[in-house]
Amino acid sequence: MEKVKILVVDDESRMRKLVKDFLEREGFAVLEAGDGLEALDIFYEHKDIALIILDVMMPKMDGWQTCREIRKESKVPIIMLTARGEERDELQGFELGVDEYISKPFSPKILVARVEAILRRTNALASDDVVNAGGIEVDKAAHMVKINGESVDLSYKEFELLTYFIENQGLALSREKILNNVWNYDYFGDARTIDTHVKKLRSKLGEKGEYIKTIWGMGYKFEVE
């Protein structure tokens, strides 16, 4: 099977190498560019790039302009990297159709997790029918969950919630993000809906329920010790 291609664009060679090493370790093919103009040349040459990681501050052509040019041609997922954590930058990024926005310094592991989550969402990464985490086995095709080989009876939403947690493990997930992804945008519920489902899910998972950590004032994170 051909490797999924990712284009990493950053004028700092050490940053490119760091990101490239982590992505290649997960089985991705990585292309590199040192500025926006070089990135566009590579993008036009390789029509099968599945995702672009794009730094904002670069010589010749910055990340914003590069993003604008790419968006004229393609809806390829874009993750923006920036040293500035200003809200207006983030808003500008989302207006340009950026999929994710990560401030430097960042954890390469978190970056890889976000890359995989976006590619699963866009179906560029074949989603396994069975996912495992810390003794929990989720069979998405059969809609079955087992803990240490024993079946666990979950409601439809509990199953969807657990699957979402496992596929985004290690990431801090806001209640709004969980609502949007598990209950979809057309659901007009509130945060208590999530809290109720998490409480029930934790109970049914027994000691494995401890993997679902509460992030006070924000949401939850699924993390296997």
Side-chain angles (χ1 to χ4, degrees), residues 1-67 69-70 74-85 89-90 93 96-128 130-134 164-173 177 211 213 221-225:
M1 187 174 157
E2 201 171 318
K3 289 183 177 180
V4 174
K5 271 187 199 170
I6 295 176
L7 173 58
V8 177
V9 190
D10 197 308
D11 59 326
E12 294 179 53
S13 57
R14 280 172 58 199
M15 178 61 73
R16 288 201 310 271
K17 184 178 186 320
L18 176 72
V19 173
K20 180 179 181 178
D21 287 349
F22 270 84
L23 288 170
E24 286 186 338
R25 203 176 297 164
E26 296 302 317
F28 295 104
V30 179
L31 302 168
E32 295 180 66
D35 60 66
L37 291 175
E38 188 184 353
L40 289 177
D41 287 341
I42 293 170
F43 175 71
Y44 293 134
E45 183 185 339
H46 296 266
K47 296 297 182 187
D48 56 347
I49 290 170
L51 182 141
I52 298 172
I53 297 170
L54 187 58
D55 186 37
V56 171
M57 304 297 287
M58 294 185 296
K60 297 184 183 176
M61 183 186 284
D62 69 11
W64 301 128
Q65 190 56 40
T66 308
C67 182
E69 295 300 319
I70 289 168
S74 168
K75 289 192 169 85
V76 62
I78 294 174
I79 295 177
M80 291 294 265
L81 302 180
T82 179
R84 298 178 302 183
D89 282 353
E90 198 162 333
L96 289 172
V98 171
D99 295 80
E100 281 279 4
Y101 192 94
I102 299 178
S103 296
K104 294 178 180 178
F106 56 84
S107 155
K109 285 183 180 176
I110 294 294
L111 176 64
V112 170
R114 291 198 181 179
V115 164
E116 290 178 335
I118 289 172
L119 291 175
R120 270 196 299 270
R121 213 160 62 218
T122 57
N123 295 322
L125 201 59
S127 183
D128 293 330
V130 179
V131 289
N132 293 277
Y164 182 65
F165 276 142
I166 290 176
E167 290 184 338
N168 291 277
Q169 58 184 304
L171 296 181
L173 302 166
K177 200 161 192 174
Y211 295 158
K213 320 283 189 205
K221 181 197 284 190
F222 185 93
E223 204 162 41
V224 176
E225 296 298 339

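What you see is a predicted model; the values in this text were computed from it and never measured.
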Ring geometry between F222 and Y211 (parallel below 30°, tilted from 30 to 60°, perpendicular above 60°): perpendicular
Distance-minimising heavy-atom pair for [X] and [Y]:
X: I79; Y: I102; result: CG2-CD1, 3.9 Å
X: I118; Y: P77; result: CG2-CB, 3.5 Å
X: G63; Y: M58; result: N-CE, 3.9 Å
X: C67; Y: I78; result: SG-CD1, 3.9 Å
X: R114; Y: Y101; result: NH1-O, 3.7 Å
X: P59; Y: D35; result: O-CB, 3.4 Å

In Å and rounded to the nearest 0.5 Å, what is the [atom1] to [atom2] distance from [X] to [Y]?
X: E38; Y: F43; atom1: CD; atom2: CZ; result: 15.0 Å
X: K20; Y: S13; atom1: NZ; atom2: OG; result: 11.5 Å
X: L171; Y: Y164; atom1: CG; atom2: OH; result: 8.0 Å
X: E32; Y: M15; atom1: CD; atom2: CE; result: 12.5 Å
X: I49; Y: L7; atom1: CD1; atom2: CG; result: 4.5 Å
X: T82; Y: K104; atom1: OG1; atom2: NZ; result: 7.5 Å

NZ/K213: more than 12 non-hydrogen atoms of other groups inside 6.0 Å: yes
Within the structure provided, determine whether [X] and [Y] are in side-chain contact (heavy-atom separation under 4.5 Å).
X: D10; Y: V19; result: no
X: F28; Y: L51; result: no
X: T66; Y: V9; result: no

Do the charged groups of [X] and [Y] touch, with an N to O distance under 4.0 Å?
X: K60; Y: D11; value: no
X: D21; Y: R25; value: no
X: E45; Y: K5; value: no

CA sep, side-chain torsions, deciding dist, call: K177, E100, salt bridge (charged side-chain N to carboxylate O under 4.0 Å, His left out): CA-CA 13 Å; K177 200 161 192 174; E100 281 279 4; 3.4 Å; yes
Intermediate values then yes/no, side-chain contact (heavy atoms from CB on, under 4.5 Å), D55 and L81: CA-CA 5 Å; D55 186 37; L81 302 180; 4.1 Å; yes
